[in-house]
*Asks:* 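There's a structure below that I have some questions on.
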2 protein chains.
Amino acid sequence: MKDTYQFTKANVDETCDAVYDYILAYVNANGYAPSVREIGRGVGLKSTSTVYGHLKRLVSQNRIEMTEGKRRAIRLVDESELTEAAHDEIPLLGTVTAGVPILATENIEAMLKLPQETYASTEDMFALRVRGDSMVDAAILDGDIVLVRKQSTADSGEIILALLEDEATVKTLIRNDDGRCHLQAENAAYADIPFESEDCKILGVVCGLLRFRV
Amino acid sequence: MKDTYQFTKANVDETCDAVYDYILAYVNANGYAPSVREIGRGVGLKSTSTVYGHLKRLVSQNRIEMTEGKRRAIRLVDESELTEAAHDEIPLLGTVTAGVPILATENIEAMLKLPQETYASTEDMFALRVRGDSMVDAAILDGDIVLVRKQSTADSGEIILALLEDEATVKTLIRNDDGRCHLQAENAAYADIPFESEDCKILGVVCGLLRFRV
DNA sequence: GATTAAAGCGAACACACGCTCTTTATTATT
DNA sequence: AATAATAAAGAGCGTGTGTTCGCTTTAATC
């Protein structure tokens with residue numbers, strides 16, 4: 001009868017997820033939950049009843065809780081999804097010296113919360129577990145987690161994360177007098193590794209370390 | 001004129017703090033902020049305008065933020081006060097080898113957030129910044145932060161925090177064959193320290209390490 | 001005792017917002 | 001093509017709730 005109706009019927013689950021995601025983003029941005037109308041506006045639903053239906057679905061899925069009658073009384077069941085500390089968190093990407101191109105796979109094992117204000121920016125940082133004893137004289141032990149700042153250059157003497165033929169490794173970068181470089185393990189038992197920039201690459205600089213023992 | 005009035009005039013700051021604490025507790029309990037009337041009921045104020053006044057004061061103190069017109073639109077500026085991560089946080093108490101009885105003063109410099117689920121319990125843990133190079137061979141450098149689990153006994157070979165005549169220090173505990181103990185620095189330049197239990201005490205065992213460099 | 005400012009009370013207004021009911025369009029089923 | 005089920009629209013009621021205003025009490029100052 002009316003041609004004001006002009007919507008394509010969407011999949012429930014997808015719309016429901018969209019509602020949930022909007023709530024999540026809204027809480028992160030504002031610190032409190034959105035109203036039903038705000039959610040509708042945010043996900044492109046014009047009727048409050050439609051949104052309300054989705055909310056009730058989310059409740060029955062146990063993803064949110066609502067208190068009847070109260071305004072904006074939405075609580076997220078899984079509050080850990082709040083990015084509350086989106087900064088100050090860096091991803092743990094795996095273990096060094098495993099023969100995989102780590103940064104490519106972006107296989108996030110976990111997010112590490114760092115103490116606030118330790119670093120000015122943690123945006124281009126990530127963490128890696130270290131396997132092996134090649135850096136013990138630099139006080140990096142087997143099993144330690146190193147914090148790495150992503151960058152493609154480094155000074156002589158800095159401990160870097162280097163890529164050698166698809167294999168990542170932590171070593172000290174030494175610039176020789178003849179202009180060439182080599183990688184130096186901090187353990188007398190290991191030999192230096194020539195660093196030829198063809199298949200070698202600086203992935204970042206080690207700027208921190210975490211060690212957790214029982 | 002009326003004898004219905006029956007209140008004792010309280011200090012503003014105290015009442016203000018009470019309002020803030022109530023909001024904090026409410027958000028922790030419910031996941032969303034309380035209404036003005038709920039706050040009043042919670043802290044014992046009968047008029048919404050009184051509560052509203054305190055809220056405006058909290059806003060001007062930059063402890064909360066409010067969006068005008070919206071319901072329950074209170075955001076806590078310092079969201080870290082939410083108990084959500086009350087565990088997994090340990091206090092940084094100071095620097096070792098400063099000649100003060102550290103644990104007694106309980107001088108908390110900062111709270112360190114540890115990655116979740118690293119330790120079963122962080123209840124009896126604290127952190128200390130290490131000064132000196134006496135433990136470099138155990139991969140503990142000057143400036144590192146050690147994580148210590150409070151306990152009064154330790155096995156031979158464990159790295160402990162010991163109290164020597166009002167001075168705290170990090171060393172390896174060695175139990176000799178004759179039943180006596182000594183403290184051993186992990187640096188050839190330092191001599192062993194006899195450990196006589198009269199004025200020596202085990203404060204805890206080192207169970208982790210953080211290193212942050214620029 | 002008079003004055004003044006701070007803290008609180010109580011009522012009232014206005015509207016944001018939860019929630020329901022009915023209608024319409026879309027998709028699937030027979 | 002007819003029927004049923006689903007997703008959304010749209011209007012609307014009731015009320016929870018922010019916000020203001022004016023008045024009272026308390027406590028400090030003069």
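Reckoned from all heavy atoms, side chains included, excluding hydrogens, waters and symmetry mates. Numbered from 1 within each chain, the chains take letters A, B, ... in sequence-line order.
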*Asks:* When the nearest nucleotide of DNA chain C is assigned to A/R71 and to B/L45 on a heavy-atom basis, which residue is associated with the more 5' position?
*Replies:* B/L45
*Asks:* Looking at A/L141, is its backbone amide N or carbonyl O close enough to the side chain of A/D144 to form a donor-acceptor pair, meaning the two atoms are under 3.5 Å apart?
*Replies:*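 Side chain of A/D144 to backbone of A/L141, a donor-acceptor pair under 3.5 Å: yes, one is there.
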*Asks:* Is B/S49 touching bases, backbone alone, or none of the nucleic acid, heavy atoms closer than 4.0 Å?
*Replies:*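 Base: the residue B/S49, judged by heavy atoms under 4.0 Å, touches a nucleobase.
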*Asks:* Rounded to whole angstroms, how far apart are CZ on A/R72 and P on D/dT15?
*Replies:*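 Result: 21 Å.
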*Asks:* Quickly, which of A/V148, A/L209, A/T172 forms a side-chain contact (heavy atoms from CB on, under 4.5 Å) with A/I159? Name it, please.
*Replies:*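 That would be A/T172.
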*Asks:* Among C/dC9, C/dG18, D/dG16, which is the nearest nucleotide to the side chain of A/Y52?
*Replies:* C/dG18
*Asks:* Using a strict heavy-atom distance below 4.0 Å, which residues from residues 59-69 of chain B are in contact with DNA chain C?
*Replies:*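 B/G69 - these, ordered by number, are the residues of the stretch whose heavy atoms sit under 4.0 Å from the strand.
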*Asks:* Taking the side chain as every heavy atom from C-beta outward, state whether B/R211 and A/R211 have any pair of such atoms under 4.5 Å apart.
*Replies:*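 They are in contact (side-chain heavy atoms under 4.5 Å apart), so the answer is yes.
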*Asks:* Could you measure the distance from the CZ atom of B/F212 to the CZ atom of B/R129? Nearest 0.5 Å is fine.
*Replies:* 10.5 Å
*Asks:* Taking atom P of D/dG16 as reference, at what distance in whole Å does atom CD1 of B/I39 sit?
*Replies:* 17 Å
*Asks:* Could you state the NZ-C1' distance from A/K70 to D/dG14, rounded to the nearest angstrom?
*Replies:*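 Roughly 18 Å, once rounded to whole Å.
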*Asks:* I want to confirm an ordering. Mapping A/G44 and B/K56 to their closest nucleotides on DNA chain D, which one lands closer to the 5' end?
*Replies:* A/G44
*Asks:* Classify B/T48 by what it touches in the nucleic acid, base, sugar-phosphate, or nothing, heavy-atom distance under 4.0 Å.
*Replies:* base
*Asks:* Applying salt bridge (Lys or Arg N to Asp or Glu O under 4.0 Å), name anything that partners B/R71, two or more places apart in sequence or on another chain.
*Replies:*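 Checked B/R71 against salt bridge (Lys or Arg N to Asp or Glu O under 4.0 Å); zero matches.
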*Asks:* I want to verify a distance call: between D/dT19, D/dG12, C/dG10, whose nearest atom is closest to the B/R37 side chain?
*Replies:*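 The answer is D/dT19, which lies nearest to the side chain.
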*Asks:* Specify the separation, in whole Å, of atom CZ of B/R41 and atom P of C/dC9.
*Replies:* 14 Å
*Asks:* Rounding to a whole Å, what distance do you find between B/Y26:OH and D/dT17:C1'?
*Replies:*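 These atoms are roughly 12 Å apart.
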*Asks:* Quick one: does any side-chain atom of B/R75 pair with a main-chain N or O of A/A29 as donor and acceptor, under 3.5 Å?
*Replies:* yes
*Asks:* Rounded to whole angstroms, how far apart are NE2 on A/H54 and C1' on C/dG18?
*Replies:* 17 Å
*Asks:* Do B/D133 and B/Y190 have side chains that approach each other closer than 4.5 Å (heavy atoms only, starting at C-beta)?
*Replies:*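 Yes - at least one pair of side-chain heavy atoms lies under 4.5 Å apart.
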*Asks:* Applying a 4.0 Å non-hydrogen cut-off, can you work out what A/S35 is touching in the nucleic acid: base, sugar-phosphate, or nothing?
*Replies:*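 Sugar-phosphate, no base atom in range.
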*Asks:* Send over the distance from A/K46 NZ to D/dG10 P, rounded to a whole Å.
*Replies:*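 Whole-Å distance recorded here is 6 Å.
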*Asks:* Does A/S47 make a side-chain donor-acceptor contact with the base of D/dA8, cut-off 3.5 Å?
*Replies:*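 Absent.
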